[in-house]
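Hydrogens, waters and symmetry mates play no part in the numbers below; they use all other heavy atoms, side chains included. Fair warning: this is a prediction, and the values are worked out from it, not measured in the lab.
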Amino acid sequence: MKNCEMILAGFGGQGILFTGKILAFAAMLKDKKLSWLPSYGPEMRGGTANCHVIIDDEPIGSPIVTRPNILVAMNKPSLDKFENTVSDGGYVFIDTSLIDRKSEREDVNEICVNATETAHNMGNKSLANMVMLGAVLKKTELFTIDEIEYTMKKSLPENKHKLIEMNIKAVKEGYNLV
């Protein structure tokens, strides 16, 4: 998949905005046009959070994604809210650790990922976003794992570099799950 309009959604604290930011930085490093638009409730951690990410070869007219071709739903309220907006043939990634239903759409590609449980089994539940990112990379081929690792090294402050290895391990777990 060359160009995309994506909505990543879940609870605050799940790393939704961080995942979107990494995708946006990766696009920037590949000289793509991009937009990253975060949105979160006033309660932040535990409240709703989502971000719109657009990656394209052409200039982007609006940062608002109304018909995403990729939806990452990390909780049931996010799936309920955004599922019907996904374009025909698009991808719906569902964290089955936290969502007890499948997509109701037959015209989309549903990818079920046990992201939160996988991250928990790795010893850090907060890596669920990186597990899901790995699944997205595998199915969409937006970026390689090496490109995401390079992006993290270029975009994260030096004092966060020790976390990159752990994040990439989670990305690889997600990549291998699908």
Side-chain angles (χ1 to χ4, degrees), residues 1-24 26 35-41 43-55 64-145 148 167-178:
M1 178 174 289
K2 256 179 135 172
N3 303 316
C4 76
E5 294 193 17
M6 178 186 305
I7 295 178
L8 299 103
F11 294 127
Q14 286 184 301
I16 299 296
L17 305 184
F18 176 73
T19 304
K21 194 180 287 191
I22 291 298
L23 289 166
S35 174
W36 174 75
L37 180 65
S39 174
Y40 47 86
E43 55 282 309
M44 297 217 1
R45 188 167 299 277
T48 60
N50 68 74
C51 68
H52 296 210
V53 177
I54 303 172
I55 300 169
I64 305 293
V65 174
T66 56
R67 296 289 291 164
N69 52 11
I70 300 172
L71 168 63
V72 174
M74 297 292 289
N75 63 14
K76 190 174 180 194
S78 297
L79 181 62
D80 293 343
K81 180 176 182 177
F82 295 113
E83 176 181 17
N84 289 324
T85 66
V86 178
S87 61
D88 294 353
Y91 291 87
V92 177
F93 292 85
I94 299 172
D95 183 351
T96 57
S97 301
L98 301 177
I99 301 172
D100 61 358
R101 73 170 180 88
K102 305 281 187 184
S103 173
E104 296 170 353
R105 306 260 314 265
E106 293 184 17
D107 61 338
V108 297
N109 300 292
E110 176 185 68
I111 296 89
C112 294
V113 182
N114 205 355
T116 301
E117 185 176 320
T118 299
H120 176 75
N121 291 340
M122 292 177 67
N124 189 342
K125 194 169 79 168
S126 67
L127 292 172
N129 62 325
M130 293 292 104
V131 172
M132 191 63 85
L133 176 58
V136 170
L137 296 178
K138 173 88 173 262
K139 287 297 187 179
T140 65
E141 299 180 345
L142 272 173
F143 303 103
T144 66
I145 294 173
I148 294 300
N167 280 304
I168 293 302
K169 182 178 178 188
V171 169
K172 289 177 180 176
E173 284 286 325
Y175 192 92
N176 292 326
L177 282 176
V178 294

Minimum heavy-atom distance between A128 and A119, given as atom pair plus value: N-CB, 3.4 Å
Set of residues satisfying salt bridge (Lys or Arg N to Asp or Glu O under 4.0 Å) with respect to E117, sequence neighbours excluded: none
Side-chain heavy atoms of I16 within contact of N129, under 4.5 Å: no
Side chain to side chain, M74 and F11, heavy atoms closer than 4.5 Å: no
Stepwise salt bridge (Lys or Arg N to Asp or Glu O under 4.0 Å) check, R101 with E104: CA-CA 9 Å; R101 73 170 180 88; E104 296 170 353; 3.8 Å; yes
Separation of M6 CE from N50 CG (nearest 0.5 Å): 13.0 Å
Nearest-0.5 Å distance that lies between atom CZ in R67 and atom CG in D88: 6.0 Å
Side-chain heavy-atom pair Y40, T48 within 4.5 angstrom cut-off: no
Chi angles and distances behind the side-chain contact (heavy atoms from CB on, under 4.5 Å) call for T85, L71: CA-CA 9 Å; T85 66; L71 168 63; 5.8 Å; no
Chi angles and distances behind the side-chain contact (heavy atoms from CB on, under 4.5 Å) call for C4, L142: CA-CA 8 Å; C4 76; L142 272 173; 3.9 Å; yes
Atom of C51, atom of G20 and distance for their closest heavy-atom approach: SG-CA, 3.8 Å
With sequence neighbours excluded, residues passing salt bridge (Lys or Arg N to Asp or Glu O under 4.0 Å) with E5: none
G10 backbone acceptor or donor facing S78 side chain under 3.5 Å: yes
Side-chain donor/acceptor of D95 to backbone N/O of A115, under 3.5 Å: yes
pair F93-I70: side-chain heavy atoms closer than 4.5 Å: yes
Least distance between heavy atoms, T96 atom then C112 atom: CG2-CB, 3.4 Å
Contact check, side chains of L137 and I148, non-hydrogen atoms, under 4.5 Å: yes
Check against side-chain hydrogen bond (donor to acceptor under 3.5 Å, both in side chains), N69 and S87: CA-CA 5 Å; N69 52 11; S87 61; 5.5 Å; no
Heavy-atom donor-acceptor pair, R105 side chain to E110 backbone, under 3.5 Å: no
Separation of K138 NZ from I111 CD1 (nearest 0.5 Å): 11.5 Å
Check: I94 and S103 side chains under 4.5 Å, non-hydrogen atoms: yes
Side-chain (H52) to main-chain (L37) donor-acceptor, under 3.5 angstrom: no
From CZ (F82) to OG1 (T66), nearest 0.5 Å: 11.5 Å
Any side-chain heavy-atom pair of V92 and L79 under 4.5 Å: yes
Between CG on residue N75 and CG on residue D80, distance to nearest 0.5 Å: 9.0 Å
With K125 via salt bridge (Lys or Arg N to Asp or Glu O under 4.0 Å) - residues at least two apart: none
Between CD on residue Q14 and CE on residue M132, distance to nearest 0.5 Å: 9.0 Å
Sub-4.5 Å side-chain heavy-atom contact between F143 and I55: yes
Smallest separation among heavy atoms of V131 and V113, with atom names: CG1-CG1, 4.2 Å
Closest approach of L17 to P38 (non-hydrogen atoms, all atoms of both residues): CD2-CB, 3.7 Å
Under 3.5 Å: donor-acceptor pair, side chain of T19, backbone of G15: yes
